[in-house]
Amino acid sequence: DGGITQSPKYLFRKEGQNVTLSCEQNLNHDAMYWYRQDPGQGLRLIYYSQIVNDFQKGDIAEGYSVSREKKESFPLTVTSAQKNPTAFYLCASSGQSRPYEQYFGPGTRLTVT
Amino acid sequence: AQKITQTQPGMFVQEKEAVTLDCTYDTSDPSYGLFWYKQPSSGEMIFLIYQGSYDQQNATEGRYSLNFQKARKSANLVISASQLGDSAMYFCAMREALGRDDKIIFGKGTRLHILP
């Protein structure tokens, strides 16, 4: 089945460590996105990529980094520079046929202590 | 200023009743899109419905309809004949300048509780 996978579902890290969240899609979508969601809040855009080897900062990119070496993959690294990394992270993608519709992965809940 | 405003943090509705979730938006771009997503307790985001700013008719998808009032800048979601499985967070979102900028802005959400 086509879709977006994010792993792991739950991730625990010590403060000061970098951590990479994976996002893979087999929908043949060009665009991919990373969002952060805090309790009681909507989604805030971290980074997005409309094409391989290109990406743009979203509204809250500080302390995060991404790469887009393959169409299917858009990993997000939460660096030690991110002051409040504990959150729920959602990856999404969209295709050219329905660019207004974003398909979301199941999310990764990151806890940093 | 918030671009997407959802004024109802939470709602309780009796099963089988219709539900209206409010959403107002702010944009100066004539070309934009409006969305609604459902987020169950599992955390996944489920796309429900889309309305383009130039669409002449209100969007409908099964039990979901979008009451689009352009002059008032509102895009309320209407769920007819609510079901227990409709209990979830609902997010209104907007995408400006379709094709040029691929960003979607989300509201803070409304938590809907359907009562048996």
Side-chain angles (χ1 to χ4, degrees), chain A residues 3-11 21 23 27 29-51 54-61 68 74 87-111, chain B residues 1-10 21 23-25 29 31-55 59 61 64 66 68 75 88-111:
Chain A
I4 301 178
T5 57
Q6 290 183 247
S7 61
K9 190 167 178 65
Y10 298 95
L11 192 54
L21 281 57
C23 176
L27 300 166
H29 285 170
D30 290 311
M32 296 186 75
Y33 316 79
W34 273 106
Y35 292 93
R36 169 183 172 136
Q37 186 179 25
D38 294 286
Q41 299 292 317
L43 277 64
R44 292 185 290 169
L45 183 64
I46 305 172
Y47 268 99
Y48 63 106
S49 167
Q50 293 176 286
I51 197 168
D54 188 44
F55 47 83
Q56 289 79 40
K57 292 182 179 180
D59 300 316
I60 55 165
R68 187 86 187 275
F74 191 40
F88 186 53
Y89 291 88
L90 284 157
C91 179
S93 71
S94 64
Q96 292 190 7
S97 59
R98 290 165 67 95
Y100 48 82
E101 182 174 343
Q102 292 193 345
Y103 292 81
F104 282 82
T108 292
R109 194 167 298 279
L110 173 65
T111 302
Chain B
Q2 286 189 12
K3 291 228 169 187
I4 296 286
T5 303
Q6 294 181 253
T7 56
Q8 307 151 310
L21 304 180
C23 174
T24 57
Y25 60 92
D29 197 325
S31 177
Y32 54 91
L34 297 158
F35 315 75
W36 278 91
Y37 283 87
K38 173 184 179 181
Q39 187 179 42
S41 56
S42 57
E44 63 192 296
M45 294 285 283
I46 303 168
F47 168 79
L48 295 178
I49 198 165
Y50 166 80
Q51 179 86 43
S53 59
Y54 293 121
D55 292 344
E61 291 281 353
Y64 304 107
L66 200 152
F68 181 45
M89 279 289 283
Y90 288 80
F91 292 98
C92 179
M94 176 176 66
R95 182 182 182 188
E96 295 176 295
L98 287 162
R100 187 176 76 215
D101 189 351
D102 222 4
K103 293 165 59 174
I104 293 181
I105 304 162
F106 286 81
K108 294 191 174 183
T110 295
R111 184 169 294 281

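Letters A, B, ... mirror the listed sequences (proteins, then strands); counts begin at 1. As a basis for the values below, the full set of heavy atoms in this structure was taken, side chains included, without hydrogen atoms, waters or symmetry mates.
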Counting only non-hydrogen atoms closer than 4.5 Å, does A/Gln37 touch chain B with its backbone (N, CA, C, O), its side chain (CB onward), both, or neither? side chain
side-chain hydrogen bond (donor to acceptor under 3.5 Å, both in side chains) involving A/Gln6 - partner list, sequence neighbours excluded: none
Locate the shortest heavy-atom distance separating A/Phe88 from B/Gln39; write the atom from each residue and the value. CE2-NE2, 3.9 Å
Might you confirm whether atom CD1 of B/Ile46 has over 12 heavy atoms from other residues, nucleotides or ligands at distances under 6.0 Å? yes
If you count heavy-atom pairs under 4.5 Å between each of B/Gly107, B/Ser42, B/Gly43, B/Ala93 and chain A, which one has the most? B/Gly43
Between B/Phe47 and A/Phe104, ring centroids under 6.0 Å: no
Taking NZ in A/Lys57 as the centre, count heavy atoms belonging to other residues, nucleotides or ligands within less than 6.0 Å. Is the count above 12? no
Does any part of the side chain of A/Leu45, heavy atoms only, come nearer than 4.5 Å to the side chain of B/Phe106, both counted from C-beta? no
Please determine whether side-chain contact (heavy atoms from CB on, under 4.5 Å) holds for the pair A/Leu43 and B/Met45, giving the CA-CA distance in whole Å, both sets of side-chain angles, and the decisive distance to 0.1 Å. CA-CA 10 Å; A/Leu43 277 64; B/Met45 294 285 283; 3.8 Å; yes
